[in-house]
Number of protein chains: 4
Amino acid sequence: MKTKRQIQKEATRKLILDAAYQVYANEGFSATTNQIAKAANVSHGTIFVHFPTVDNLIICLLERFGSEINEHLHLLSEKDESLETFLAAHINVLICYEDFYKRLISEINSLPQEAKYVFINIQSVVSLHLNQVIERDKEQKVIKEIPMHIIFNSWLGLIHYYLTNNYLFAAGSVLTDHKDELILNYIKLIRK
Amino acid sequence: MKTKRQIQKEATRKLILDAAYQVYANEGFSATTNQIAKAANVSHGTIFVHFPTVDNLIICLLERFGSEINEHLHLLSEKDESLETFLAAHINVLICYEDFYKRLISEINSLPQEAKYVFINIQSVVSLHLNQVIERDKEQKVIKEIPMHIIFNSWLGLIHYYLTNNYLFAAGSVLTDHKDELILNYIKLIRK
Amino acid sequence: MKTKRQIQKEATRKLILDAAYQVYANEGFSATTNQIAKAANVSHGTIFVHFPTVDNLIICLLERFGSEINEHLHLLSEKDESLETFLAAHINVLICYEDFYKRLISEINSLPQEAKYVFINIQSVVSLHLNQVIERDKEQKVIKEIPMHIIFNSWLGLIHYYLTNNYLFAAGSVLTDHKDELILNYIKLIRK
Amino acid sequence: MKTKRQIQKEATRKLILDAAYQVYANEGFSATTNQIAKAANVSHGTIFVHFPTVDNLIICLLERFGSEINEHLHLLSEKDESLETFLAAHINVLICYEDFYKRLISEINSLPQEAKYVFINIQSVVSLHLNQVIERDKEQKVIKEIPMHIIFNSWLGLIHYYLTNNYLFAAGSVLTDHKDELILNYIKLIRK
DNA sequence: AATGAATGAGCGTTCATTCAT
DNA sequence: TATGAATGAACGCTCATTCAT
């Protein structure tokens, strides 16, 4: 049983995390705690009641983000879908988080060490699912003899490249614009 | 004929650029002018004698970096080398600048607009050469029917992915460690 | 009802404005925010919690100063006093703010544009009252046929001259020392 | 006999003083030594060969300015001119130096102590001549019974007031625009 | 639990002055 | 004599963090 206070506290905590997500997505991780407080409609000090430091806020935010995105990704694995369907589903999930994800892959190296674990975790979930799908295709001998991690890293490399260099390829969402092209050609690459 | 003064001035300028290169490579582009001054062993004010603003310092540094790396790359095009040789040469060049290049591809979006042009320029030089090498192979029908820009972006995507996620793959230089594997498998991907 | 917090905040704001008033009066408007912070016994950053920029601090200070001085001057108009009484009252008001006023009339041209409006406003209040008093005397044909603005500017010119050149005329307050002489002779000048 | 070197040195010194005069007239005394060096077409360091500190430069500049303006004023006294002619001549002299003089009377209190002596000297020369002219008129009983220093300070007060508040009265030269009005009305004031 | 005023170290930048050339 | 690169203290301002309310 949660007391009224605990419920209130968790609500505020969520408010801050939601705001931080939006602010970081829009401004990058150099956004200030003041901006986040304003976006969350709480006082500046409240942030530090819930999170002892900004780094801690970022870590908690990324943990939540990791869980959320992984939950989305898990739903993919249940069905017995084709490679094409899986890749499309993966991109569709990323589109939901596109702005934030873009910031994340760009600025990951300047974020606290623990943030990286979240990032690794997300990638390993995708890897796991991709593995399953590919293995099936491999049995049918349609996939080249290339190590799984290269197959996986090529895919992530390709879409991360398009995301980080968004400005070269699209005015709005690069994933929305180039989704089909990316999937089609990536499959061509890994197929015999 | 340069006067002793001019030589001295250029030496200091080089000192600052070299220091900035090292500091940015180690700390990322959020490093401060104070850190750079200390690394260059000059007073803080001296930086602003040579560069009116930090942004200008960054742009000059990137221009120098761009020229340097392009010079390296141009040497490649003169010879009639194989795809494998070219990719190895490309990686070898990047190894020389690995830490700095890693920061650059990560943080390019937070750098001044002019910095992006330098980055685009570097990439287009690589693209140009890769194009030549691939076209030759394409005539021999060994390359898949995939648009050139996808071929190019897959390569950059792959090595940028390994660079930005260095910590996943290697303790030291990820390019040194995975060079052969990357080249070998990338070629497998684009070949029929 | 004000909360304790609001009271405290206003107190600090007043502390800063009071300190700024004193520091500017003593050192001129080239005094630094550090000096003001020290004089106010608050940390340097606190100044910028209350005033986004120095210019804003100066403008707020001048607005307060303008209100205060105008309030003093308004009290004069209610009575049906003689020219002599009015001029004496004007000088008496200025004596209260002498050091600050001296800096203001000296450095007005290097202050932000909005500061000038405050200054103009103060002068126009004086002008208004002087006008009323003079008009009465003019009806009695004791004042020369001279345009009102010249009458007004002669008065301000005279006392501003004594203020800016204080060091020529007095060790302490030039207005206190020369008040009677200035009034007496100014009246002689404008009377027939 | 001056050596070639001495002649050259004096020429450079003059170059710097001329430039400083122009720069201070245009920008006020907060202009930097760099601006002056550029305007004088000499190197920054050269300024400090001729003047140990900026304050010393300002003092020397004001001494030269004082001599120059006093020389102009001295020419006035030789003739046996009327009060009106004298005041017109005074204003005409000031018009030659208007921008610089305006800065001087505005910023005199933030200039080094010695600068004030120059200013006092200029004023006493004007005072001397005005005295002579007025005394003549006084003998003819056309001037009011007012102490000479008040008569003098009213005049300076009036024109200084117009100069410091130039922006209230004119877009260009306030002395050129209001010269006749000022003289005419000032004479009205001091005449019986 | 939430507030928000206060803190102070640190930022990029300016500028009078120095001194080797 | 003239130069101009180098200096470093000081500037206005930012911001994560603290703590009395």
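Lettering follows sequence order; numbering is per chain, from 1.
Between the CD1 atom of B:I36 and the C1' atom of E:dT13 there is a distance of 14 Å, given to the nearest Å. Atom pair B:I47:CD1 and E:dC11:P shows a separation of 11 Å (rounding to whole Å applied). Distance B:H44 NE2 to E:dG12 C1': 6 Å, rounded to the nearest Å. Protein atom CD of C:Q6 is 15 Å distant from nucleotide atom P of E:dT3, rounded to whole Å. Nucleotide E:dA2 holds its P atom 11 Å from the CD atom of A:E10, rounded to whole Å. Rounded to an integer number of Å, the gap from A:H50 NE2 to E:dA2 C1' is 8 Å. Here the C1' atom of nucleotide E:dG4 and the NZ atom of C:K4 are 15 Å apart, to the nearest Å. C:F48 has its CZ atom 14 Å from the C1' atom of E:dA9, to the nearest Å.
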Anything under 3.5 Å between a donor and an acceptor, one on a side chain of residues 33-49 of chain B, the other on a protein residue two or more places apart or in another chain? List them.
from, atom 1, to, atom 2, distance (Å)
B:T33, OG1, B:H44, NE2, 2.8
B:Q35, OE1, B:T32, N, 2.8
B:S43, OG, B:T46, N, 3.4
B:S43, OG, B:T46, OG1, 3.0

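Side-chain atoms of C:I59 and C:F51, non-hydrogen and from C-beta on, never get closer than 4.5 Å to each other. Put simply, the side chain of B:I58 reaches to within 4.5 Å of the side chain of B:Y24, judged on heavy atoms. Counting heavy atoms from C-beta outward, C:K116 and C:N109 have side chains that approach closer than 4.5 Å.
The nearest heavy atom of DNA chain E to C:N41 and to B:T53 marks one nucleotide each, and the one closer to the 5' end goes with C:N41. Each of A:V54 and D:T12 has a nearest nucleotide on DNA chain F; the 5'-most of these lies closest to D:T12. Each of A:D55 and D:V42 was matched to the nucleotide of DNA chain F holding its nearest heavy atom; the match closer to the 5' end belongs to D:V42.
Counting non-hydrogen atoms under 4.0 angstrom, A:T32 reaches the backbone sugars and phosphates but no base. If you check every strand for non-hydrogen atoms under 4.0 Å, A:V49 touches a base. Within 4.0 Å of A:R5, counting heavy atoms only, lie sugar-phosphate atoms of the nucleic acid but no base atom.
Checking the phosphate oxygens (OP1, OP2) of E:dA2, no side-chain nitrogen or oxygen of A:T46 falls inside 4.0 Å.
Other residues, nucleotides and ligands contribute over 12 non-hydrogen atoms within 6.0 Å of the CD atom of D:E68.
The aromatic rings of D:F29 and D:F100 stand perpendicular to each other, their planes meeting at an angle above 60°, with 30° marking the opposite boundary.
In terms of heavy atoms, B:I105 sits closest to A:T164 at O-CG2, 4.0 Å.
In this model, no donor atom of one side chain and acceptor atom of the other lie less than 3.5 Å apart for D:S67 and D:E63.
Under the 4.0 Å criterion applied to side-chain N and carboxylate O atoms, C:R64 and C:D18 are assigned as salt-bridge partners.
Aromatic rings of C:F65 and C:Y97 (six-membered ring for Trp) have centroids within the 6.0 Å cut-off, being under it.
Think of the region where chain D sits on DNA chain F: with heavy atoms and a 4.0 Å cut, that region ends 5' and 3' at F:dT1 to F:dG4.
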Secondary-structure string, 5' to 3', Watson-Crick or G-U under 3.5 Å, | for another-strand partners, for DNA chain F = .||||||||||||||||||||
